[in-house]
Amino acid sequence: MRITGGMWRSRRLKGPRRGMAVRPTPDAMRERAFAVLGDTVEDARVLDLFAGTGAVGLEALSRGADSVVFVERDRAVARILRENLESLNEDLGTILVRAAAPVVLDLARRGQVFDLVWADPPFDRWRLGLEVLEKAANAEILEPTATLCLECPADAKLPHAIGGCRLNRDLTGSASRVAIYRSHGSDF
């Protein structure tokens, strides 16, 4: 597992240990998604839900994101995420070891807003990722030009819109896909 672009391009990351129920976003899929996201990542405030080992949020930081809030409820996996973040000597990331849905509401109460929200739940619970993205849209933690990304199984039946954001791109691989939703007032 490695960072695919930006200032830390080709930097290796620690992956999950054998037996951990974590499925990191494959390098090739992450690279495709960030190629589509392009300049929207620069200076973005990113919310990485179901963050796992942090590959997506670290990729965003490498490509110029301003900050990332990583949300991972599994303590052992969050330790690997912390090691990956510390290996880059960066203090641009905050790790919250909690379930994703309640964190979204807490962030809203604190008045935090994000430009990019990525949800990568366990594939057998991909609909939970959809629900949390909907909560994020309804909790008013999104900038008007925000982007929502959902990683899910390739055969998942996805809606054409989530909370005011419409499906803009659908990147499908052999086993997974990344659906990219954009607010109605923004374009790539």
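Position 1 is the first residue of the sequence; numbering continues from there.
In the hydrophobic cluster analysis, where Ile, Leu, Val, Met, Phe, Trp and Tyr join through side-chain heavy atoms closer than 4.5 angstrom, F123 is grouped apart from V132.
The backbone N or O of L13 sits nowhere less than 3.5 Å from a side-chain atom of N84 that would complete a donor-acceptor pair. Remark: the backbone N or O of T145 is not paired with any side-chain donor or acceptor of E143 at under 3.5 angstrom. In this structure, R2 contributes its side chain and D27 its backbone to no donor-acceptor pair below 3.5 Å. Counting only distance, with no hydrogens or angles, the side chain of S62 and the backbone of M7 share a donor-acceptor pair below 3.5 Å. Although no hydrogens or angles enter the test, the distance criterion places no donor-acceptor pair under 3.5 Å between the side chain of E59 and the main chain of I3.
In this structure, R125 places its CZ atom where only 12 or fewer heavy-atom neighbours from other residues, nucleotides or ligands lie under 6.0 Å away. Within 6.0 Å of the CZ atom in R17, the count of heavy atoms belonging to other residues, nucleotides or ligands does not exceed 12. The local environment of CZ in R11 is crowded, with over 12 non-hydrogen atoms from other residues, nucleotides or ligands closer than 6.0 Å.
A donor and an acceptor atom, one from each side chain of T4 and R32, are nowhere located under 3.5 Å apart.
Heavy atoms only, all atoms of each residue included: W118 and A33 are closest at CH2-CB, 3.7 Å. Across all non-hydrogen atoms, the minimal contact from F50 to D120 is CB-O, 3.2 Å. Taking each heavy atom of A146 and C165 in turn, the nearest pair found is O-SG, 4.5 Å.
Side chains of E151 and R30 form no contact here, defined as non-hydrogen atoms less than 4.5 Å apart.
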(request) May I have the step-by-step check of side chain to side chain contact (heavy atoms under 4.5 Å, CB included) for D115 and T40, ending in yes or no? (result) CA-CA 8 Å; D115 305 290; T40 63; over 6 Å; no

(message) Assess the residue pair L150 and L148 against the criterion (side chain to side chain contact (heavy atoms under 4.5 Å, CB included)); give the C-alpha distance rounded to whole Å, side-chain angles, the decisive distance to 0.1 Å, and a yes or no.
(response) CA-CA 7 Å; L150 175 66; L148 303 175; over 6 Å; no

(request) Quick one: do S183 and L142 satisfy side chain to side chain contact (heavy atoms under 4.5 Å, CB included)? Show the steps, please. (result) CA-CA 9 Å; S183 62; L142 305 179; over 6 Å; no

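Residues satisfying the salt bridge (Lys or Arg N to Asp or Glu O under 4.0 Å) criterion with E42, sequence neighbours excluded, are absent altogether.
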